Amino acid sequence: MPRLLMFPKPKSHALQGEWLYMIESDYVFMKPLGIPSTPPEGYAGWAFPFNYINPIAVPNEMQKLSPGVDVKSIPPTGPAPIVLSLQDWIKVTPSWERLTAAIEADTEVRDRLGWVREMYAFSLALVETGIKVELRSEGQSPFIAHLPGQAGLGEAHAFHYTLCTIYKTMDGGDAWGFDKRFYTEPQHALELTRIPPMPEFEAGKYKFVEGPPVTLEMHNAIKQMIDQINKGMDLAAPLPEAAKARAF
């Protein structure tokens, strides 16, 4: 994607449309994205605020990457989910790539920013290029909802299955679970397997692996997400054997 956007005039067959929506592969779409046709006054687009992106907690690293930057002006976001105009993507991408490379070349900065370092690079690139995005808090955002961190979809149009949804009985026994980290082998991409059915909800019977009890509202939201994933797998055409043989 960055290389595609680095061309001054992207080929028409490669990129079409006035706006581009950057997503990650672990989104489950439940309904169309509900945003206006134009951003609010003073904003160039829409993005999502992540509570684990905190530029003011790493001011030295931000200043090292972009000397003189106002750290308080750096949005706590990343390259997905976000909607920007094609022209703004073309504008921000060179800075994003340069800052990412600078982080990777500096062991101290790379280790300090950790696995979300490219998100910091993108957030900083937005400031450097003067692109301001609207951020609505989780629960009010039109983009994604996290289960079981949230109890439902809220205003979002997609679930983001980055957190684990693992049920335990109250005495600690295994009950049911879905976690994307269960599916890390190449074979999982070649042979889709439906997620096992969830147990029926019973008040006070289950808790999440982290400890909090499973509520009816949370259970129903998770079931909604799992049903949608299974529906998508049911609709997916099997890979031809020749394609499987070439994979990986």
Side-chain angles (χ1 to χ4, degrees), residues 22-31 47-58 75-82 110-120 122-123 135-189 192-233:
M22 183 80 85
I23 64 171
E24 293 184 307
S25 58
D26 55 355
Y27 295 174
V28 182
F29 298 109
M30 305 302 296
K31 61 183 181 181
F48 184 85
F50 290 93
N51 59 14
Y52 46 81
I53 301 298
N54 189 10
I56 62 174
V58 286
T77 187
I82 183 171
R110 185 180 69 234
D111 292 347
R112 181 77 173 92
L113 299 182
W115 66 272
V116 292
R117 55 190 179 271
E118 190 182 5
M119 298 173 72
Y120 277 105
F122 186 84
S123 299
L135 301 173
R136 298 185 196 171
S137 61
E138 191 163 9
Q140 301 300 315
S141 171
F143 288 114
I144 52 177
H146 298 95
L147 300 175
Q150 288 178 249
L153 194 62
E155 298 297 319
H157 85 115
F159 288 118
H160 182 200
Y161 58 89
T162 190
L163 305 177
C164 60
T165 49
I166 299 175
Y167 285 25
K168 295 282 189 178
T169 58
M170 286 302 181
D171 61 3
D174 293 332
W176 175 88
F178 168 70
D179 187 339
K180 65 183 180 182
R181 298 156 191 86
F182 295 164
Y183 304 87
T184 58
E185 298 298 326
Q187 194 63 26
H188 292 141
L192 299 180
T193 303
R194 294 180 105 254
I195 300 168
M198 296 175 63
E200 293 294 327
F201 176 79
E202 293 184 45
K205 185 173 182 178
Y206 302 113
K207 62 181 179 179
F208 291 107
V209 66
E210 297 89 352
V214 175
T215 66
L216 178 60
E217 188 178 16
M218 288 180 179
H219 178 85
N220 288 341
I222 293 168
K223 185 177 187 305
Q224 185 183 17
M225 180 181 74
I226 298 301
D227 287 348
Q228 187 81 334
I229 295 173
N230 281 334
K231 179 182 177 181
M233 288 194 285

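These numbers come from the heavy atoms of this one structure, side chains and all, not from hydrogens, waters or symmetry mates. If you're wondering where the values come from, they're calculated on a predicted model, not measured in any experiment.
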Q: Can you name the nearest heavy-atom pair linking I226 to M198, along with the distance?
A: CG1-SD, 4.2 Å

Q: Exactly one of K231, K223, Q224 should register a side chain to side chain donor-acceptor pair (under 3.5 Å) with D227. Which one does?
A: K223

Q: What heavy-atom pair brings Y206 and A175 nearest, and what distance separates the two atoms?
A: CE2-CB, 3.6 Å

Q: I need the single residue from L147, L163, I222, I166 that forms a side-chain contact (heavy atoms from CB on, under 4.5 Å) with F208. Which is it?
A: I222

Q: I'd like to know if the side chain of Q140 and the backbone of E155 have a donor-acceptor N/O pair within less than 3.5 Å.
A: no

Q: Any chance you could measure R110, atom CZ, to R117, atom CZ, to the nearest 0.5 Å?
A: 6.5 Å

Q: Which value, rounded to the nearest 0.5 Å, describes the distance between H160 atom NE2 and I23 atom CD1?
A: 10.5 Å

Q: Can you tell me if E210 has over 12 outside heavy atoms packed within less than 6.0 Å of its CD?
A: yes

Q: Look at the aromatic rings of F50 and F48 and report parallel, tilted or perpendicular, splitting at 30° and 60°.
A: perpendicular

Q: What verdict does the side-chain contact (heavy atoms from CB on, under 4.5 Å) test give for I195 and F182, after you've listed the backbone C-alpha separation in whole Å, the side-chain angles of each residue and the deciding distance to 0.1 Å?
A: CA-CA 11 Å; I195 300 168; F182 295 164; over 6 Å; no

Q: Roughly how far apart are T215 OG1 and K207 NZ, rounded to 0.5 Å?
A: 15.5 Å

Q: Could you grab the distance from atom OG of S141 to atom CD of Q150, nearest 0.5 Å is fine?
A: 8.5 Å

Q: Is there a side-chain contact between M119 and P79, using heavy atoms and a 4.5 Å cut-off?
A: yes

Q: Can a donor-acceptor pair be found, under 3.5 Å and without considering hydrogens, that links the side chain of H157 to the backbone of K31?
A: yes

Q: In this structure, which one of F178, W176, F201 forms a ring-ring contact (aromatic ring centres under 6.0 Å, His included) with Y167?
A: W176

Q: What are the two closest heavy atoms between N54 and Y120, and how far apart are they?
A: N-OH, 2.9 Å

Q: Report the distance from atom NZ of K180 to atom NE2 of H188, rounding to the nearest 0.5 Å.
A: 15.0 Å

Q: What's the separation between atom OG1 in T165 and atom NE2 in H219, rounded to the nearest 0.5 Å?
A: 11.0 Å

Q: Using only atom types and a distance under 3.5 Å, with no angle test, would you say the side chain of N230 pairs donor to acceptor with the backbone of R194?
A: no

Q: Which heavy-atom pair separates Y27 from A158 by the least distance, and what is that distance?
A: CB-CB, 4.4 Å

Q: If we only count heavy atoms from C-beta on, is the M218 to P213 side-chain gap below 4.5 Å?
A: no

Q: Please report the closest heavy-atom contact between P49 and S137, naming both atoms and the distance.
A: CG-CA, 4.1 Å

Q: Using a 4.5 Å cut-off on heavy atoms from C-beta on, say whether the side chain of R181 contacts that of T162.
A: yes

Q: Considering all heavy atoms of both residues, which atom of Q228 and which atom of V28 are nearest to each other, and what is their separation?
A: CG-CG1, 3.5 Å

Q: Would you check if the side chain of S123 reaches a backbone N or O of T77 as a donor-acceptor pair within less than 3.5 Å?
A: yes

